[in-house]
Amino acid sequence: MNRIPIWMDCDTGTDDSVALMLAHALPELDLQGISTVCGNTIQDNAFWNTHRINGLMGTSYPVYRGAEQPLMKPLVTAAHVHGENGLGDVELPVPEGAVIHEEPAWDAIYACAKRFPGELRLIATGPLTNVATAFIKYPDLPGLLHSLSVMGGSAGPGNDTPAAEFNFFVDPHAAELVMHSGVKLVMCGLDVTLQAYFSVEQLDELAASGTRAGWFTKACNMRAWKILSRFGMPGFCMHDSCPVMYVAHPELFEGEMAGVVVETRGTVANGKSVTDLYSDKQFPFKNAFVVLKVDREKFIAILRDCILSIG
Ligand code: RIB
Ligand code: CA
C-alpha cells in the first residue's frame with residue numbers, strides 16, 4: 001500500500017493526543033512530523049506534551065515548536081477543559097533522549113512539503129497560527145501541499161462562544177488568511193466533530209483493555225467530562241481525530257463545497273466561520289469542503305482498534 005504522507009500541527013491537548021495516536025496507528029498514513037501551536041494550552045505544554053505522547057506510543061516522531069501567541073489576539077487557553085498541563089492533568093513522563101529541533105514549525109512544514117511535492121497532507125488540529133505563518137513566509141506552500149485538513153470552525157453554533165468554535169476563536173486572523181490562501185482545504189468543524197464521540201461505556205471499555213493508550217484516552221478526558229456531561233453531551237467528542245480519519249477514510253464522511261469567511265473584526269461573532277451553505281446569498285467563491293456527516297459507528301470502530309493497537 002502506498003502510504004499517504006502527512007504532517008500534524010497540534011495544540012496538544014487531550015483530543016489532539018488521541019488524534020496523534022490515530023495518525024500513528026492508521027496503516028494508510030505515514031506521519032512525517034509534528035509541529036506544536038498554542039491554543040488548548042501554552043506552547044511549552046503543547047510541545048512537551050507531544051513528546052510525552054511520543055513516549056506513550058513508543059515512537060520518536062520529530063517535534064517542532066511553533067507560535068507562542070496567536071497572530072494578533074492575546075492567547076486564551078482552554079485549561080478548564082484540557083487541564084493546566086493540557087493533558088487533563090494526567091502526568092506522563094517526557095521520554096529519555098527526546099530530540100530538540102531548533103527549526104521552527106513553519107520552516108519544518110515547508111521543508112517536508114518540498115520533500116513530497118503535491119503529496120503532503122497537512123492536518124491542523126489547533127488554531128491555525130503556524131499554518132498561516134508558514135503560508136506568509138512561503139507563498140508557494142499552499143500550492144505545494146496536496147491539501148490541508150483542519151479541525152476548526154462550524155457552519156452552525158460555536159463552542160467557545162455561541163458563534164465561534166475554539167480553534168478559530170483563538171486565532172481568527174490565521175483562520176481567515178488560511179481560508180483565502182488557495183490551499184485545497186477540508187474543514188472538519190463542529191458540524192461533524194460533535195457526531196464523532198466515544199460513549200461513556202466505550203471509553204470505559206478502552207480503559208479496561210489493559211493498554212496504556214486505552215487507559216490514557218479515558219484518563220485525559222475525565223476532567224473535561226465533569227463540565228461536558230453537565231451540557232448533556234452524548235459522550236467524548238474526538239474532534240481532532242476527524243481530519244486525520246478523513247485523510248485515510250474519506251468514504252466515511254459527507255460534506256459540501258462552500259464559501260467560508262472567518263469574522264476577524266466582530267465582537268459577538270469574532271472567530272465565526274460564516275459559510276454560504278444554508279443561504280440564498282452565495283459567496284463568489286467555494287474555498288472549502290465543509291464536512292457535515294460521519295458514519296459514527298465505523299469511525300469509532302477504527303479509532304478504537306487503532307488506540308488498542310498501540311498497546
Ligand atoms: O473546538 C474543538 C477544538 O478545540 C479541538 O481542536 C480541541 O483540541 C480544541 O483545540
Ligand atoms: Ca486541538
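Just so you know, ligand 1 is whichever comes first in the structure, and atom 1 is the first atom listed for that ligand. Since this is a predicted model, take the numbers as computed values, not measurements.
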Next on the checklist: Using the rule given for side chain to side chain donor-acceptor pair (under 3.5 Å), can you reason through His239 versus Glu165, listing the C-alpha separation, both sets of side-chain angles and the distance that settles it, and then say yes or no?
Outcome noted: CA-CA 11 Å; His239 300 282; Glu165 178 277 328; over 6 Å; no
Next on the checklist: Tell me the protein heavy atom at minimum distance from atom 6 (O) of ligand 1, and give that distance in Å.
Outcome noted: Asp240 OD1, 2.6 Å
Checklist entry - Does NZ or CZ of Lys73 fall inside the cone over Phe169's six-membered ring, less than 6.0 Å from its centre and within 45° of the axis? => result yes
Checklist outcome for this item: ligand 1 to Asp11, heavy atom cutoff 4.0 Å, flagged ligand atoms 10 (O)
Checklist outcome for this item: With heavy atoms and a 4.0 Å threshold, my read on which part of Asp16 contacts ligand 1 is side chain
Checklist entry - So which heavy atom in the protein is nearest atom 4 (O) of ligand 1, and how far is it from that ligand atom? => result Phe166 CD2, 3.3 Å
Checklist entry - Going by the atom numbers of ligand 1, which of them fall below 4.0 Å from some non-hydrogen atom of Met151? => result 2 (C), 3 (C), 5 (C), 6 (O)
Next on the checklist: Using heavy-atom distances only, which candidate in Asp15, Leu194, Asp160 approaches atom 8 (O) of ligand 1 most closely?
Outcome noted: Asp15
Next on the checklist: Suppose we call two aromatic rings close when their centres sit under 6.0 Å apart. Are Trp7 and Phe116 close by that rule?
Outcome noted: no
Checklist entry - Are the charged groups of Lys293 and Asp191 less than 4.0 angstrom apart, N to O? => result no
Checklist entry - Considering only protein heavy atoms, which is closest to atom 10 (O) of ligand 1, and at what distance to one decimal place? => result Asn40 OD1, 2.8 Å
Next on the checklist: Are any of the N/O atoms on His239, whether in the backbone or the side chain, positioned under 3.5 angstrom from an N/O atom of ligand 1?
Outcome noted: no
Next on the checklist: Could you see if Tyr197 belongs to whatever hydrophobic cluster contains Phe253? Use Ile, Leu, Val, Met, Phe, Trp, Tyr and a side-chain cutoff under 4.5 Å.
Outcome noted: no
Checklist outcome for this item: Result, protein N, O or S atoms below 3.0 Å from the Ca ion (ligand 2), excl. waters, equals 5
Item to check | Centroid-centroid under 6.0 Å between Phe236 and Trp225 rings | outcome: yes
Checklist entry - Asn287 side chain to Leu185 main-chain N or O, any donor-acceptor pair under 3.5 Å? => result no
Next on the checklist: Suppose I only count heavy atoms of Glu165 and a 4.0 Å limit; which atoms of ligand 1 are within that range?
Outcome noted: 1 (O), 2 (C), 3 (C), 4 (O)
Checklist outcome for this item: Under 4.0 Å from one or more heavy atoms of Asn159, ligand 1 contributes atoms 1 (O), 2 (C)
Item to check | Distance-only polar pair, side chains of His173 and Thr264, donor-acceptor under 3.5 Å | outcome: no
Checklist entry - Partners of Arg296 by side chain to side chain donor-acceptor pair (under 3.5 Å), sequence neighbours excluded? => result Gln202
Item to check | Ile227 with Met222, same ILVMFWY side-chain cluster at under 4.5 Å | outcome: yes
Next on the checklist: Let's go through Glu263 and Lys272 carefully: what are the C-alpha distance in whole Å and the side-chain angles of both, what is the deciding distance for salt bridge (Lys or Arg N to Asp or Glu O under 4.0 Å) to 0.1 Å, and is it a yes or a no?
Outcome noted: CA-CA 5 Å; Glu263 175 59 71; Lys272 174 66 193 163; over 6 Å; no
